[in-house]
Amino acid sequence: MKLAKAWRLGMKDMQILPPPRHRGHQLKKPTWILVLISLVCMFLVVAYIYPPQTSSACYIFSSSGCETFSSWLPPPIREFSDDEIASRVVISSILNAPPIHSKNPKIAFMFLSPGSLPFEKLWDRFFQGHEGRFSIHVHASKEKPVHTSRYFINKEIRSGSVDWGKISMVDAEKRLLANALKDPDNQHFVLLSDSCVPLRDFDYVYNYLMYTNISFIDSFEDPGPHGSGRYSEHMLPEVEKKYFRKGAQWFTMKRQHAVIIMADYLYYAKFRDYCRPGMDGQRNCYSDEHYLPTFFHMHDPNGIANWSVTHVDWSEGKWHPKSYGEKDVSEQLLKNLTSITESVHVTSEERKETMIMPCLWNGMNRPCYLFARKFTPETLETMIDLFSNYTSSSSSS
């Protein structure tokens with residue numbers, strides 16, 4: 001009882017005690033905490049703007065080095081150069097401009113060949129009856145072509161020499177695009193080689209390309225030696241390694257994208273100067289396999305299909321794709337090619353990762369291919385004999 005009474009007395013006494021005269025010391029604690037937090041924030045900001053350059057400096061932040069410390073922070077925002085700003089403004093303006101509709105929309109078929117086209121008679125069969133819905137442009141880099149079809153007469157453009165794997169290949173593509181763009185009715189542009197053949201009839205190809213709003217440009221990430229291994233840091237700052245892509249050169253593209261390629265010089269120059277055979281002594285880079293895939297991945301990734309509508313067979317694992325000779329060509333082969341509905345990419349790493357994606361046309365899974373290569377000239381007559389059968393059966397799929 002005495003203890004309880006004493007406790008109550010003590011509490012009562014405490015309540016009537018006058019407040020302490022010096023409370024300023026207690027108020028300083030939150031102030032010191034704020035000062036400490038401000039100093040830490042300032043330290044982090046300085047470290048972000050001026051990151052540590054030596055391993056000893058990195059150890060201050062973390063024993064695991066700068067990589068761990070930098071992972072705490074958002075990536076720095078790079079300031080674009082004047083040329084980049086100008087280029088991006090032009091690209092954005094073209095992409096956002098309303099498309100110009102033609103009363104007579106056409107497809108421009110652009111043939112890249114050293115000379116005469118061995119499958120001209122087959123293409124003649126393909127074009128028959130569709131006059132006014134297409135235009136033809138031929139870039140013959142070595143000799144003047146001899147024609148067997150009226151559709152190809154006087155369709156050669158002024159051509160330059162083309163060396164395999166060099167920027168002159170891209171120059172020839174741009175030359176074809178520039179000449180085809182002169183016709184305002186050309187709304188879609190198809191790049192074909194002298195060994196290409198049609199897998200579908202004209203109406204199927206026309207509808208497939210005209211009634212979608214994307215370009216069929218092949219583009220995928222290959223972390224192996226024949227993909228990102230070809231990248232050069234000389235492309236910085238405009239082209240970063242994380243954007244570097246690979247793909248087949250045989251594209252089809254809408255007019256909007258063709259105009260953008262004509263307007264581009266900044267990124268083209270990077271690939272001209274730093275993506276070529278014999279770079280740094282041993283490393284080879286081929287601009288026709290990397291320029292367009294990288295460019296459109298950077299500037300309009302949702303505007304491309306990421307696969308080509310021209311089939312090529314790389315299953316032999318050689319520097320060049322499989323060639324189809326007389327013994328290979330049959331109606332069954334063509335049926336197999338036209339029934340493929342998935343695009344396959346294989347990386348060049350030692351483990352060779354295979355990436356498979358459905359060929360989506362306006363959101364629907366459709367057959368992937370409209371054309372195929374490499375067919376040898378000896379298959380011409382067989383292909384002509386088979387043309388009506390395989391195109392009529394495949395058009396219904």
Side-chain angles (χ1 to χ4, degrees), residues 106-140 143-156 188 190-210 216 248 250 252 308-316 320-342 359 366-397:
K106 297 189 294 189
I107 296 177
F109 290 85
M110 308 180 303
F111 291 87
L112 191 58
S113 173
S116 299
L117 296 167
F119 290 99
E120 198 167 295
K121 288 174 63 178
L122 176 62
W123 285 104
D124 182 273
R125 184 77 63 88
F126 174 81
F127 290 124
Q128 279 181 17
H130 303 286
E131 291 80 358
R133 302 172 70 195
F134 66 89
S135 65
I136 293 174
H137 311 267
V138 179
H139 186 289
E143 58 186 30
K144 185 175 177 60
V146 176
H147 298 296
T148 57
S149 167
R150 61 189 175 95
Y151 297 118
F152 286 82
I153 295 175
N154 297 326
K155 300 301 181 183
E156 300 91 358
H188 209 96
V190 180
L191 182 67
L192 300 160
S193 77
D194 57 325
S195 66
C196 281
V197 299
L199 294 177
R200 306 281 186 170
D201 64 29
F202 183 90
D203 283 326
Y204 188 102
V205 170
Y206 186 91
N207 294 335
Y208 197 104
L209 298 179
M210 284 298 198
F216 294 93
W250 310 107
T252 82
S308 168
V309 292
T310 298
H311 178 271
V312 184
D313 185 353
W314 288 97
S315 61
E316 294 180 344
H320 295 282
K322 172 183 171 63
S323 293
Y324 295 102
E326 179 66 28
K327 295 180 180 180
D328 301 311
V329 175
S330 66
E331 190 169 352
Q332 186 59 48
L333 169 68
L334 301 174
K335 184 177 180 181
N336 291 342
L337 296 181
T338 55
S339 64
I340 297 172
T341 59
E342 293 179 330
C359 294
R366 297 287 296 275
C368 302
Y369 300 114
L370 306 178
F371 316 103
R373 61 185 301 266
K374 300 177 62 170
F375 284 71
T376 58
E378 64 186 26
T379 64
L380 172 63
E381 295 304 325
T382 303
M383 290 295 297
I384 291 176
D385 292 340
L386 291 172
F387 181 76
S388 297
N389 289 335
Y390 78 77
T391 55
S392 60
S393 61
S394 65
S395 294
S396 59
S397 58

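Small disclaimer: the values here were computed from a predicted structure and weren't measured.
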task: Would you please test S388 and R125 for side-chain contact (heavy atoms from CB on, under 4.5 Å) and show each step?
output: CA-CA 9 Å; S388 297; R125 184 77 63 88; 4.0 Å; yes
Only residue of T382, T376, T379 satisfying side chain to side chain donor-acceptor pair (under 3.5 Å) with E326 is T382
| said: Once you measure the plane-to-plane angle for F134 and F127, does it fall in the parallel (<30°), tilted (30-60°) or perpendicular (>60°) bin? | reply: parallel
d(L199 CG, C368 SG) to nearest 0.5 Å is 11.5 Å
Practice prompt. Check whether any side-chain N or O of D328 sits under 3.5 Å from a backbone N or O of G325 as a donor-acceptor pair, and report yes or no.
Written response: yes
For L122 and P198 the tightest heavy-atom approach is CD2-CD, 3.7 Å
Would you check, one step at a time, whether the test side-chain contact (heavy atoms from CB on, under 4.5 Å) holds for L370 with L209?
CA-CA 10 Å; L370 306 178; L209 298 179; 3.8 Å; yes
For N336 and S339 the tightest heavy-atom approach is O-OG, 2.9 Å
- Message: Looking at T338, is its backbone amide N or carbonyl O close enough to the side chain of R200 to form a donor-acceptor pair, meaning the two atoms are under 3.5 Å apart?
- Response: yes
Heavy-atom closest pair (C196 atom, T310 atom, distance to 0.1 Å) is SG-CG2, 4.1 Å
So NE2 of H130 and OH of Y206: to nearest 0.5 Å the spacing works out to 11.5 Å
Output for pair (I153 CD1, T148 OG1), nearest 0.5 Å, gives 9.0 Å
*Taking S195 for its side chain and R373 for its backbone only, find out whether a donor-acceptor pair lies under 3.5 Å.*
no
Shortest non-hydrogen pair, Y324 vs H311, comes out as OH-CE1, 3.6 Å
Rounded to the nearest 0.5 angstrom, the CG-CG distance for L117 and D124 is 12.0 Å
query = Mind checking whether F119 and F375 have parallel, tilted or perpendicular rings, split at 30° and 60°?
reply = perpendicular
The side-chain contact (heavy atoms from CB on, under 4.5 Å) partner of V329 among E381, M383, E378 is M383
Rounding to 0.5 Å, atoms OH (Y208) and CD1 (I107) come to a distance of 12.5 Å
With sequence neighbours left out, the residues meeting side-chain hydrogen bond (donor to acceptor under 3.5 Å, both in side chains) with T252 are H188
Distance only, no hydrogens: is a donor on one side chain within 3.5 Å (strictly under) of an acceptor on the other, for E120 and Y151?
-> no
In this structure, CG of L192 is separated from CZ of F111 (nearest 0.5 Å) by 5.0 Å
Notebook entry, point to check: Considering residues, nucleotides and ligands other than K155, do more than 12 of their heavy atoms fall under 6.0 Å from its NZ?
Noted result: no
Nearest heavy-atom approach of Y369 to I340 is CE1-CG2, 3.7 Å
Closest heavy-atom pair, D194 versus S113, reported as atoms and distance to 0.1 Å, is CB-OG, 3.5 Å
How about F152 and W123: are their ring centroids closer than 6.0 Å?
no
